[in-house]
Protein chains: 2
Amino acid sequence: MAEESPINKLLAFIKTRVNLTEDDVRLIDDSFEPVLFPKNRIIEEQEVVPKYIYYIISGYLRLFHYNDHGDEITSHINCPPGFITSYSSFINQKKSTENLESITESELLRITKKNLDRLTLKSTAMKDFSISIFQQSIEYNENRSKELATLTAEQRYRKLMVNFPDILHNVPVAYIASFLGMKPESLSRIRRKVAN
Amino acid sequence: MAEESPINKLLAFIKTRVNLTEDDVRLIDDSFEPVLFPKNRIIEEQEVVPKYIYYIISGYLRLFHYNDHGDEITSHINCPPGFITSYSSFINQKKSTENLESITESELLRITKKNLDRLTLKSTAMKDFSISIFQQSIEYNENRSKELATLTAEQRYRKLMVNFPDILHNVPVAYIASFLGMKPESLSRIRRKVAN
DNA sequence: GTTTATACTTGACTTTTGTTAGTTAATACT
DNA sequence: AGTATTAACTAACAAAAGTCAAGTATAAAC
């Protein structure tokens with residue numbers, strides 16, 4: 001029976017989507033590097049080419065940037081199981097407009113673009129898996145756009161609570177408000193209303 | 001000197017991103033099919049797997065669906081130069097949640113998923129080009145999410161006018177309002193305000 | 001443990017956007 | 001051309017979300 005190491009968790013996640021040979025498993029094992037970050041650590045910085053894509057073993061992370069007034073805008077929040085990076089910048093290996101930051105202490109598995117390319121060349125299963133991850137990112141953003149365009153602030157909050165009920169215990173409400181496209185004061189009011 | 005046929009327009013567009021061999025050109029020529037649609041024609045239907053991705057030679061098109069109240073929600077509007085399809089559904093060849101409709105009379109070049117796969121297998125340039133189109137779609141939706149989350153209705157309208165100044169002469173304001181995530185009455189008010 | 005700083009909430013008010021209903025303008029039909 | 005139909009605009013009001021300025025709770029620092 002497989003030990004619950006970070007790599008085994010990643011392998012289990014990959015196997016929910018594609019079938020892996022023993023060679024695939026060895027390649028994956030060689031390509032990903034485990035890292036641990038304390039809370040509130042900037043992991044990838046804006047104006048810099050993102051070096052890694054990260055699989056989240058534990059912890060909460062976010063992508064954010066500064067708007068014209070110097071306020072932080074949180075564009076993405078994620079937790080296990082899943083990957084996080086500034087996707088379009090990582091794929092194209094061009095400067096990111098976003099910072100990647102750990103919100104809580106985070107156990108991650110990271111891989112460089114170069115090693116991911118090597119991995120997807122050597123393993124057709126991993127090529128399929130990689131494509132599925134980026135397709136999922138397209139779907140995610142199409143859906144996020146749709147929700148922001150059509151739902152009220154309260155409806156967006158309710159959907160988030162259904163999909164990520166634990167987020168409130170781990171992520172500051174100011175980040176959540178920004179991610180949902182509203183002010184912290186508005187989220188506060190909505191939370192009070194929804195609670196009763 | 002190249003004639004301004006639909007295929008030559010597409011080739012010119014592709015050449016702005018990748019270099020094409022003579023073989024590539026021949027393959028592309030064989031793979032895309034020119035089609036003409038009158039205005040207000042449903043080209044791909046929701047609940048059906050999208051058959052083609054379309055390169056727009058002329059005309060305006062949109063993606064839309066019906067919400068719980070039966071109202072049309074326009075999630076995307078496009079015009080030349082560029083492609084249009086329900087991306088995530090087309091890539092995965094699964095049922096779309098969106099209708100693709102011509103807003104004005106539209107000249108298009110279409111290609112099936114099967115032929116696109118064949119084309120990208122035979123031509124590395126077209127593989128690179130294809131990837132760049134899907135990467136652009138990721139960037140587009142990331143940016144659209146950001147704008148919907150952070151900009152006011154008026155700011156979103158102003159940005160659209162800067163980027164697509166001709167859209168008002170070709171697309172009903174009701175579609176534009178829906179696309180911008182507001183009601184037609186709000187857009188009407190904003191337009192009057194911005195005009196003065 | 002007390003203090004300090006930060007995060008979150010609350011209330012009063014303003015601004016923005018949605019709603020409803022009526023009017024005008026544009027388009028389609030015969 | 002004249003009528004019917006649909007699209008777009010307007011105005012008055014309601015609801016939602018933002019702003020500003022407190023206050024309270026929570027967590028960090030000493």
Side-chain angles (χ1 to χ4, degrees), chain A residues 38-41 60 62 64 67-74 77 101-105 145-161 166-196, chain B residues 38-42 60 62 64 66-74 77 101-105 145-161 166-196:
Chain A
K39 65 189 299 191
N40 303 324
R41 175 66 52 92
Y60 281 77
R62 66 170 181 146
F64 76 96
N67 69 5
D68 302 338
H69 306 299
D71 304 320
E72 292 182 359
I73 307 293
T74 296
I77 299 173
E101 184 187 45
S102 59
I103 297 170
T104 63
E105 184 181 75
S145 298
K146 193 168 90 181
E147 289 188 4
L148 286 164
T150 61
L151 301 183
T152 65
E154 182 178 330
Q155 291 171 322
R156 299 198 298 273
Y157 170 73
R158 285 180 182 277
K159 275 217 163 189
L160 188 72
M161 284 309 99
D166 294 336
I167 198 170
L168 272 172
H169 315 125
N170 293 284
V171 178
V173 296
Y175 297 172
I176 296 174
S178 173
F179 175 65
L180 292 175
M182 68 183 86
K183 299 292 164 187
E185 294 92 333
S186 296
L187 181 53
S188 217
R189 255 183 258 125
I190 288 167
R191 266 153 55 64
R192 182 172 33 150
K193 184 182 164 197
V194 168
N196 305 331
Chain B
K39 66 188 301 190
N40 303 325
R41 174 67 52 93
I42 301 292
Y60 281 77
R62 67 170 180 146
F64 76 97
Y66 297 96
N67 69 7
D68 303 337
H69 306 298
D71 306 320
E72 292 183 358
I73 306 294
T74 295
I77 298 173
E101 183 187 46
S102 59
I103 299 171
T104 63
E105 185 182 73
S145 299
K146 193 168 90 181
E147 289 188 2
L148 287 164
T150 60
L151 302 183
T152 64
E154 181 178 332
Q155 290 171 322
R156 299 199 297 274
Y157 171 72
R158 285 180 181 277
K159 274 216 166 189
L160 187 72
M161 285 306 100
D166 294 337
I167 200 171
L168 272 171
H169 314 125
N170 294 284
V171 179
V173 297
Y175 297 173
I176 296 174
S178 173
F179 174 66
L180 292 175
M182 68 183 87
K183 299 293 165 189
E185 295 90 337
S186 298
L187 181 53
S188 217
R189 246 189 321 237
I190 288 167
R191 267 155 54 64
R192 182 172 32 150
K193 184 181 163 198
V194 167
N196 305 329

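Computed from a predicted model, the values in this text were never measured in an experiment. Chain letters run A, B, ... following the sequence lines, proteins first, then strands; residues in each count from 1.
Between Arg158(B) atom CZ and dT16(C) atom P the separation is 12 Å, expressed in whole Å. Glu154(A) places its CD atom 12 Å from the C1' atom of dA17(D), with the value rounded to the nearest Å. Rounded to a whole Å, the CG atom of Leu151(A) is 14 Å from the C1' atom of dA16(D). Computed from coordinates, the Asn170(A) CG to dT26(D) C1' distance equals 16 Å when rounded to whole Å. Protein atom CG of Asn40(B) is 13 Å distant from nucleotide atom P of dT6(D), rounded to whole Å. Note: NZ (Lys183(A)) to P (dA7(C)) measures 16 Å, nearest angstrom. Regarding Leu180(A), its CG atom lies at a distance of 11 Å from the P atom of dA17(D), rounded to whole Å. Taking atom CD1 on Ile103(B) and atom P on dT6(D), their separation rounds to 19 Å, with Å as the unit.
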Scan nucleotides 9-15 of chain C against the protein and return all N/O pairs shorter than 3.5 Å with their distances rounded to 0.1 Å.
| residue | atom | partner | partner atom | Å |
| --- | --- | --- | --- | --- |
| dT9(C) | OP1 | Arg191(A) | NH2 | 2.8 |
| dT9(C) | OP2 | Ser188(A) | OG | 2.8 |
| dT9(C) | O5' | Ser188(A) | OG | 2.9 |
| dT10(C) | OP2 | Arg192(A) | NE | 3.3 |
| dG11(C) | OP2 | Arg192(A) | NH1 | 3.1 |

Quick test: give all pairs of protein nitrogen or oxygen and nucleotides 22-24 of chain D nitrogen or oxygen below 3.5 Å, distance rounded to 0.1 Å.
none

### Task
Go through the steps for Leu151(A) and Lys146(A) under the test side chain to side chain contact (heavy atoms under 4.5 Å, CB included), then give the verdict.
CA-CA 8 Å; Leu151(A) 301 183; Lys146(A) 193 168 90 181; over 6 Å; no
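Annotation: side chain of Glu154(A) is in contact with side chain of Arg158(A) (closest heavy-atom distance under 4.5 Å). Inter-residue side-chain proximity for Phe64(B) and Ile42(B) is flagged as met; some heavy-atom pair is nearer than 4.5 Å. Using a 4.5 Å cut-off on side-chain heavy atoms (C-beta onward), Arg62(B) and Glu72(B) make contact.
One distance of note links NZ of Lys39(B) with CD of Glu101(B); it measures 10.5 Å at 0.5 Å rounding. Atoms OG1 and CG, from Thr150(A) and Asp68(B) in turn, are 9.0 Å apart once rounded to the nearest 0.5 Å. To the nearest 0.5 Å, atoms CD1 (Ile190(A)) and CE (Met161(A)) are separated by 11.0 Å.
Pro38(B) approaches Ser102(B) most closely through the heavy-atom pair O-OG, 2.7 Å.
Mapping Ile190(B) and Val171(A) onto DNA chain C by nearest heavy atom places Val171(A) at the nucleotide closer to the 5' end. When each of Lys39(A) and Pro172(B) is assigned the nucleotide of DNA chain D with its nearest heavy atom, Pro172(B) is the one assigned upstream, toward the 5' end.
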Quiz: residues 168-189 of chain A side-chain donor-acceptor pairs under 3.5 angstrom, not counting sequence neighbours:
| residue | atom | partner | partner atom | Å |
| --- | --- | --- | --- | --- |
| Asn170(A) | ND2 | Asp166(A) | O | 2.9 |
| Ser178(A) | OG | Thr74(A) | N | 2.7 |

